[in-house]
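Take a look at the structure set out below.
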Amino acid sequence: MMNMGLYQKFPAEEAMLTDFKGYLINTLQVTNYQQVIDNVSRTLRYIQPSGDKVTLDFLLKSTETKDFLTQLRHADMGPATILNYIKNMIRFVQYLKTHLNLVAADPDFYRKCQAYIDHLTFLRKPVSKSNSKVTCKIRYDWFIEGEKSLRECQAVLRKAKKDMLSVYGRMLEGDHVASEEKTIFRYYCEAILILGHFLRPGAVEGLTISEWDERKNSGGKVCVAVSEHKTAMLDAYYTWIRPECIRSGVEHGNRLFVSTLGTKIRSATNDLCRLHFHLIFLPHCSYKLPNIKSQQVRRTVETDAAANLTEEQKASVAHYMAHSTAVANTTE
DNA sequence: CGACTTTCGCCACTTGCTGT
DNA sequence: ACAGCAAGTGGCGAAAGTCG
């Protein structure tokens with residue numbers, strides 16, 4: 001499935017694509033430009049299978065363009081993904097239109113670009129339709145199978161609590177704590193923020209020590225289901241575990257969560273997953289809990305809030321959740 | 001008809017999975 | 001562990017309904 005010739009790309013240093021990249025970065029300030037470039041590069045590569053340079057012939061190859069999108073569908077890609085490819089191509093051609101020297105070389109250039117964009121827009125319509133259907137079905141399925149309750153989502157926190165308190169106690173007493181236990185403890189702290197505070201993984205990864213201090217002292221208390229002892233757990237991590245992970249010469253960007261190698265953590269999602277997995281090995285918990293993703297808790301909280309809270313409380317939750325994402329957007 | 005509300009379509013960005 | 005990719009999320013403006 002992987003190799004239907006859909007993953008070939010132009011060399012990274014290809015001139016036109018490099019220009020486009022610069023435009024995305026400098027003019028449009030697009031942060032995730034790499035995926036845009038990759039998508040465009042693959043599309044063009046399919047249309048023009050040979051040569052190291054992109055030629056403008058693709059503007060006239062509407063059939064090949066359509067074929068490529070059909071191939072993507074045959075490779076079982078979702079409409080959302082195909083939509084992204086189309087969008088990225090439109091942006092690329094829109095950018096080409098601004099190149100005055102290309103217009104000079106071909107007086108018909110502008111019209112060709114526009115025709116190509118129109119064609120893409122036309123091809124996009126049915127894809128967009130089926131994307132709506134997919135979204136609709138997903139929502140419907142959630143509705144049918146029912147949301148997991150907040151309690152179910154947070155089960156992993158309760159299951160691990162006893163062991164984590166034991167680690168906590170030993171750290172408090174200055175007893176020995178194995179490094180593996182410390183890592184699990186870090187996972188647990190991340191889980192508190194994701195499942196208890198409803199932070200996004202990106203927000204957890206980006207959280208800095210100064211942000212943590214602020215949050216601890218002012219905000220944070222607004223929300224349901226976060227008890228004092230959990231704040232204490234995070235403080236314990238901050239006080240006894242984090243300092244041991246800091247290495248001189250290794251950049252940690254003042255992040256609250258630091259891996260054992262001293263770098264900032266890369267994937268809070270992954271850490272949460274490992275915490276779920278780890279519970280298999282706890283003596284009093286021999287079965288595996290379903291792995292709850294951050295998106296699921298956030299969904300649950302939002303539906304719970306919609307159903308059970310007063311307007312004022314809803315506003316408070318909405319504000320809190322918004323803040324949870326804000327952290328992700330303002331860091332890095 | 002215009003004001004007002006709801007739904008749709010798209011975009012920017014994020015999350016999460018997978019193969020190496 | 002990480003790069004590379006697919007797909008989900010939330011917000012926002014445009015389009016489509018709906019009512020006086």
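Chain A is the first sequence line, chain B the second, and so forth, proteins listed ahead of strands; every chain is numbered from 1.
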Where do N or O atoms of nucleotides 16-18 of chain B meet protein N or O atoms at under 3.5 Å, pair by pair?
{"from": "B:dG16", "atom 1": "OP1", "to": "A:Ser294", "atom 2": "OG", "distance (Å)": "3.3"}
{"from": "B:dG16", "atom 1": "OP2", "to": "A:Thr269", "atom 2": "OG1", "distance (Å)": "2.4"}
{"from": "B:dC17", "atom 1": "OP1", "to": "A:Lys293", "atom 2": "NZ", "distance (Å)": "3.2"}

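- A:Asn39 is linked by a side-chain hydrogen bond (donor to acceptor under 3.5 Å, both in side chains) to A:Arg42, A:Asn88, counting only residues two or more places apart in sequence or in another chain.
- In this structure, the side-chain hydrogen bond (donor to acceptor under 3.5 Å, both in side chains) partners of A:Glu244, at least two apart in sequence or on a different chain, are A:Lys182.
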Ignoring hydrogens and angles, write down the donor-acceptor pairs under 3.5 Å from the side chains of residues 266-275 of chain A, residues two or more places apart or on other chains.
{"from": "A:Ser267", "atom 1": "OG", "to": "A:Asn270", "atom 2": "N", "distance (Å)": "3.0"}
{"from": "A:Asp271", "atom 1": "OD2", "to": "A:Arg186", "atom 2": "NH2", "distance (Å)": "3.2"}

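- The salt bridge (charged side-chain N to carboxylate O under 4.0 Å, His left out) test applied to A:Arg111 returns A:Asp108, not counting sequence neighbours.
- With sequence neighbours left out, A:Glu181 forms a side-chain hydrogen bond (donor to acceptor under 3.5 Å, both in side chains) with A:Arg170.
- Residues satisfying the salt bridge (charged side-chain N to carboxylate O under 4.0 Å, His left out) test with A:Lys21, not counting sequence neighbours, are none.
- Comparing the local axis fitted to the first five base pairs of the helix from B:dC1-C:dG20 to B:dT20-C:dA1 with the one fitted to its last five gives a bend of 30°, rounded to 10°.
- By the side-chain hydrogen bond (donor to acceptor under 3.5 Å, both in side chains) test, A:Tyr168 pairs with no residue at all, sequence neighbours left out.
- Counting only residues at least two apart or on different chains, no salt bridge (charged side-chain N to carboxylate O under 4.0 Å, His left out) pair has a member in residues 27-37 of chain A.
- Within residues 127-135 of chain A, the residues approached by DNA chain B to less than 4.0 Å at the level of any non-hydrogen atom are A:Ser128, A:Lys129, A:Ser132, in residue-number order.
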Hey, can you pull the donor-acceptor pairs under 3.5 Å for the side chains in residues 113-120 of chain A, sequence neighbours left out?
{"from": "A:Gln114", "atom 1": "OE1", "to": "A:Lys97", "atom 2": "NZ", "distance (Å)": "2.6"}
{"from": "A:Gln114", "atom 1": "NE2", "to": "A:Asp118", "atom 2": "OD1", "distance (Å)": "3.0"}
{"from": "A:Tyr116", "atom 1": "OH", "to": "A:Thr65", "atom 2": "OG1", "distance (Å)": "2.8"}

